[in-house]
Amino acid sequence: MENEIKERLMDKAKSYFKEGESHEFDHTKRVLRNALTIAETEEVDLEVVHIAALLHDIMRSHEDLGKINCHAEEGAKEAEIILREFKFPEEKISKVLDSIKTHRLSKNLKPETKEGEILQDADRLDSLGALLVARSFSSAYIYNRPFYSEEGDNVIKFIKDRSEKLKPENFNTSKGKELAKERYDYSESFIERFIKEWSGKK
């Protein structure tokens, strides 16, 4: 894929995001980096991985505003329009669309392609480790969620619940599992340390 087309698609994807949204474009860029890192260890179509990562969350803000039910499903529809506009190779479009449709954690769908498995892993990695901790605390006031309590909803419980869903064995690729383990271990150690300090224990 020519660099000019990559840059145009990057600009197109970026146009769907606004600063201050729950999933800003920085998330997309991190997922893209994760996806390309994993893809280096697999025999896959790098163009498909690249474009699927760029476009996977383009309809996220519409879901956050209550305009649509599922940003993954609607994102695939919007991505098809974009890809045809950019004259993306017809034989690769279906792989991109499947990757976008199945990336969402809460849907727990199984991708039909290795490229889709990579996007799933890349997206889920961004919900683990230090990024999970940072994003969870930054959204605490939005959701009126206390930092910690032994009962009820709180940030530490959210981090723990999310980590449990993203155990390394739940990832698709070998590289994804490897990267997930490091981030999962950090999340778990942070929870343990936080509760100790909150409770005044050494």
Side-chain angles (χ1 to χ4, degrees), residues 9-18 20-39 42 44-86 88-128 131-132 135-136 139 142-143 158 161-167 170-173 175-177 179-180 183:
L9 276 168
M10 176 75 79
D11 290 340
K12 183 71 172 180
K14 191 174 182 179
S15 71
Y16 284 82
F17 296 83
K18 295 179 181 178
E21 293 175 337
S22 63
H23 278 58
E24 294 184 352
F25 193 63
D26 282 346
H27 164 72
T28 293
K29 291 189 288 186
R30 292 194 300 270
V31 170
L32 175 58
R33 287 193 292 268
N34 290 340
L36 294 178
T37 296
I38 297 171
E42 303 282 347
V44 293
D45 189 322
L46 290 177
E47 284 188 345
V48 170
V49 171
H50 191 113
I51 299 309
L54 269 184
L55 301 178
H56 81 282
D57 262 356
I58 55 176
M59 297 300 283
R60 180 63 194 235
S61 63
H62 287 69
E63 182 180 316
D64 291 342
L65 292 171
K67 295 180 178 179
I68 59 174
N69 291 322
C70 178
H71 72 275
E73 292 179 9
E74 297 302 323
K77 295 176 184 178
E78 188 72 9
E80 183 172 10
I81 295 172
I82 294 171
L83 293 176
R84 295 194 187 285
E85 174 190 337
F86 279 74
F88 194 68
E90 189 70 27
E91 68 275 11
K92 299 185 180 188
I93 289 179
S94 62
K95 285 188 175 184
V96 174
L97 302 186
D98 173 70
S99 300
I100 295 173
K101 285 179 185 176
T102 58
H103 84 270
R104 191 175 184 183
L105 174 63
S106 61
K107 291 291 186 178
N108 199 30
L109 298 175
K110 180 67 177 173
E112 294 181 0
T113 66
K114 179 62 71 174
E115 288 84 0
E117 291 182 349
I118 289 172
L119 179 60
Q120 253 192 12
D121 282 2
D123 188 55
R124 293 176 180 186
L125 281 171
D126 205 53
S127 293
L128 267 178
L131 285 166
L132 169 58
R135 290 167 66 182
S136 298
S139 64
I142 297 174
Y143 296 106
F158 178 84
D161 290 346
R162 180 55 62 95
S163 294
E164 285 300 302
K165 292 179 181 178
L166 295 172
K167 288 183 176 179
N170 294 333
F171 281 67
N172 300 298
T173 63
K175 188 64 174 180
K177 293 177 191 293
L179 296 172
R183 298 190 186 204

Supply the atom-to-atom distance [X] [atom1] to [Y] [atom2], rounded to the nearest 0.5 angstrom.
X: I68; Y: K77; atom1: CD1; atom2: NZ; value: 9.0 Å
X: I82; Y: I93; atom1: CD1; atom2: CD1; value: 11.5 Å
X: L83; Y: L97; atom1: CG; atom2: CG; value: 6.5 Å
X: S61; Y: F17; atom1: OG; atom2: CZ; value: 7.5 Å
X: L65; Y: R60; atom1: CG; atom2: CZ; value: 11.0 Å
X: L9; Y: E47; atom1: CG; atom2: CD; value: 10.5 Å

Without swapping roles, check the side chain of [X] against the backbone of [Y] for a donor-acceptor pair under 3.5 Å.
X: Q120; Y: L109; answer: yes
X: N170; Y: K165; answer: yes
X: K92; Y: V48; answer: no
X: H27; Y: E24; answer: no
X: R162; Y: L132; answer: no
X: E73; Y: K101; answer: no

- Item | Test side chain to side chain contact (heavy atoms under 4.5 Å, CB included) applied to T113 and V49, V96, D98, the passing residue |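 Among V49, V96, D98, the one that satisfies the side chain to side chain contact (heavy atoms under 4.5 Å, CB included) with T113 is D98.
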- Message: Could you walk me through whether H56 and T28 satisfy the side-chain contact (heavy atoms from CB on, under 4.5 Å) test, starting with their C-alpha distance in whole Å, then the side-chain angles of each, then the deciding distance to 0.1 Å, before giving a yes or no?
- Response: CA-CA 8 Å; H56 81 282; T28 293; 4.2 Å; yes
Residue pair [X] / [Y], side-chain heavy-atom distance below 4.5 Å:
X: S127; Y: L166; answer: yes
X: V31; Y: D57; answer: no
X: K12; Y: F86; answer: yes
X: L55; Y: I100; answer: yes
X: I58; Y: F25; answer: no
X: F171; Y: L125; answer: yes
X: R30; Y: L131; answer: yes

Does this structure show an ion pair linking [X] with [Y], if we count only N-O contacts that are shorter than 4.0 Å?
X: K110; Y: E117; value: yes
X: E80; Y: R84; value: yes
X: R104; Y: E63; value: yes

- Item | side-chain contact (heavy atoms from CB on, under 4.5 Å) between L179 and L128, worked out | CA-CA 10 Å; L179 296 172; L128 267 178; over 6 Å; no
- Item | Residues in side-chain hydrogen bond (donor to acceptor under 3.5 Å, both in side chains) contact with S163, at least two apart in sequence or another chain |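 If we apply the side-chain hydrogen bond (donor to acceptor under 3.5 Å, both in side chains) test to S163, skipping adjacent residues, there are no hits.
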- Sequence-distant partners of K167, side-chain hydrogen bond (donor to acceptor under 3.5 Å, both in side chains), two or more places apart: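 Applying side-chain hydrogen bond (donor to acceptor under 3.5 Å, both in side chains) to K167 gives E164.
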- Message: Counting only heavy atoms not in D11 (residues, nucleotides, ligands), do more than 12 fall under 6.0 Å from its CG?
- Response: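 Check passes, neighbour count above 12.
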What closest approach, in Å, do [X] and [Y] show between heavy atoms, and which atom pair accounts for it?
X: A13; Y: L54; result: CB-O, 3.5 Å
X: S99; Y: A52; result: CB-CB, 3.8 Å
X: A53; Y: L119; result: CA-CD1, 3.7 Å

- Between D121 and T173, does any side-chain donor sit less than 3.5 Å from a side-chain acceptor?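 Yes.
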- Message: Looking only at side-chain N and O atoms, does D64 offer a donor or acceptor that is under 3.5 Å from a partner on H71?
- Response: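 There is no such pair between these side chains.
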- Task: Could you check V44 against I118 for side-chain contact (heavy atoms from CB on, under 4.5 Å), going step by step and ending with a plain yes or no?
- Result: CA-CA 9 Å; V44 293; I118 289 172; 3.8 Å; yes
